[in-house]
Amino acid sequence: MRRSTGLLLVTALGLSATACGSGESPQPAAPGGAANVSITVACQPAKTAPQDRKAWDEDVAAFMKAHPGVTVKSTDQQPCFDPKTFGPKLAGGQMETVFVVPMTNYDDVIAQGQALDITQYTGSVKNWNDLRPDHRELLTKDGKVYGVPNVHYSVGLVYNRALFTKAGLDPNTPPKTWAEVREAAKKIAGLGAGYVGYGEYSGGNTGGWHFTQAIYGRGGSVLTDDGKKAAFNSPEGKAVLQTLHDMRWVDNSMGSKLLVGWESLMMAMGSGKVGMMLGAPDVVTDVVTKFKGKVDDYGITGFPEAKASLSGGEAYMINPKATPEQAKAGMEWIDFRFNTVGKGRFDFARGKAIGNPVGVPDNAVYGDSPTGKALQEERVKNASLPVENYQTYVDAAAVVPPKAEPPHAQELYAILDVPMSGVLSRKDASVDELLADAETKANAMLAAKG
């Protein structure tokens, strides 16, 4: 779940089968002999981010000019992936020609035949061989490729450097332990009414997602190694909930509002009143570009006391109903918008010009390949933020072991929302009872899954 990638108000757009690349015949040839083809593409920025939306629309126009006969229609559903609408939309034939899938859903989408085998089209992504092999492997089954890696992340601690300064804290030495997080949160909350030292989710699957991040960081697991049983009713799981309970009710550093959806905490962070939250680097970008945060205010550091860090990501896939012409055009769009140095999302000069926080280390799918190095060089050259603000995160990401999201992640996150909401909404909540109840529900779900 991004943010990016995962991670906004959802407008469930019902697209017709024709608009979704449902296999219609190629239309008459365009000038120059190219067949007319129409594709729909997901993830157009929302109207609440007008500069990013304008940049996207400019890219669509540039792409169509470079590809005569291809028409690109965008949908602005945000977030691009929503667990409540994704399955019905995909099963109902309403998915775009080019759509985004989180890492947690790769296997299910591929196994159910809901993504096109794009092996023959990978050459359309010019830097295909520079994409990290381990990420490409996640999208390969029985020698066939089903998606293009787009984002990879590990979780850290996002913090408001301006609030740190205002509260008498040193923004250049962010917290490294949970005890330091609690102390910093109390000082920020002490700035006055409306200030929240540490923000956290309690529902919408985001609560369970952040619980998973936190338990991984403490060295725990959500499931047993074989994936058959819940493992979160553990000392590490109890420590996660007890810390949040005490910050909420003893320290009074978390505010009183329950934050259910992804957008709610982003909006609060963008308001300049929240000191810290868990998140990947793209959180900084989203807070600034979508929720009006000041570009100089935010930094990210390593996860406190991290023994592991939740690692996730997303990929673009092609609708299995796409015609060969649509599949080729869709792959060319993915290459142009998401995989070309100096173009699309990697046009850092444009990003800086429109006020985006360029300099955030927000993409690792290319690793240290030639493309990865070129991207980093362009990012630093056009940085609008001091890259040193993120160096502690970069240093931590290099040494903290990544840990993937669990199988059946979305179902587990929904179950784990309940204990997260419980400790944040009830002073008398029993951590032991909440975890025991969630364990029973999780085990029943896992047994039903087989």
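Everything numeric in this text was worked out from a predicted model, so none of it was measured. Basis for what follows: all heavy atoms, side chains included, without hydrogens, waters or symmetry-related copies.
- Here the side chain of Asp417 pairs a donor or acceptor atom with the backbone of Gly208 at under 3.5 angstrom.
- Ion pairing between Arg350 and Glu58 holds under the 4.0 Å rule for side-chain N and carboxylate O.
- Counting only N and O atoms by type, the side chains of Asp368 and Gln376 include no donor and acceptor under 3.5 Å apart.
- Residues Trp209 and Tyr201 keep their aromatic ring centres 6.0 Å or farther apart.
- In this structure, the side chains of Glu200 and Met420 come closer than 4.5 Å at one or more pairs of heavy atoms.
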*Between Arg337 and Asp59, does a salt bridge (Lys or Arg N to Asp or Glu O under 4.0 Å) hold up when you go through it step by step?*
CA-CA 7 Å; Arg337 171 69 190 181; Asp59 287 341; 2.3 Å; yes
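- Between the side chain of Thr97 and the backbone N or O of Thr40 there is at least one donor-acceptor pair closer than 3.5 Å.
- Look at Asp286 and Lys290 and you find a salt bridge, because one of the NZ, NE, NH1 or NH2 atoms lies within 4.0 Å of a carboxylate O, short of that distance.
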*Just do the salt bridge (Lys or Arg N to Asp or Glu O under 4.0 Å) check on Asp296 and Lys294 with the steps written out, would you?*
CA-CA 6 Å; Asp296 296 326; Lys294 295 181 181 179; over 6 Å; no
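- No donor-acceptor distance shorter than 3.5 angstrom exists from the side chain of Arg53 to the backbone of Gln44, with no hydrogens or angles considered.
- The distance between the ring centers of Tyr316 and Phe99 does not fall below 6.0 angstrom.
- Between Phe232 and Phe211, the angle of the ring planes goes over 60°, which puts this pair in the perpendicular group of the 30/60° scheme.
- Between Leu416 and Val222, some side-chain heavy-atom pair lies under the 4.5 Å cut-off.
- In this structure, Glu377 does not pair ionically with Lys373, as no charged nitrogen and carboxylate oxygen lie closer than 4.0 Å.
- Ion pairing between a basic and an acidic side chain is recognised when a charged N comes within 4.0 Å of a carboxylate O; Glu96 and Lys73 show no such pairing.
- Lys403 pairs in a side chain to side chain donor-acceptor pair (under 3.5 Å) with only one of the listed residues (Ser221, Ser309, Ser311, Ser154), which is Ser221.
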*Can you check salt bridge (Lys or Arg N to Asp or Glu O under 4.0 Å) on Lys47 and Asp76, steps first, answer last?*
CA-CA 8 Å; Lys47 293 178 181 178; Asp76 63 355; 5.5 Å; no
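- A donor-acceptor contact shorter than 3.5 Å links the side chain of Trp249 to the backbone of Val423.
- For Phe164 and Tyr159, the ring centers are positioned less than 6.0 Å apart.
- Between the side chain of Ser369 and the main chain of Gly372, a donor-acceptor pair closer than 3.5 Å is present.
- Note on ring orientation: taking the six-membered ring where Trp is involved, the planes of Phe346 and Tyr366 are perpendicular (angle over 60°, cut-offs 30° and 60°).
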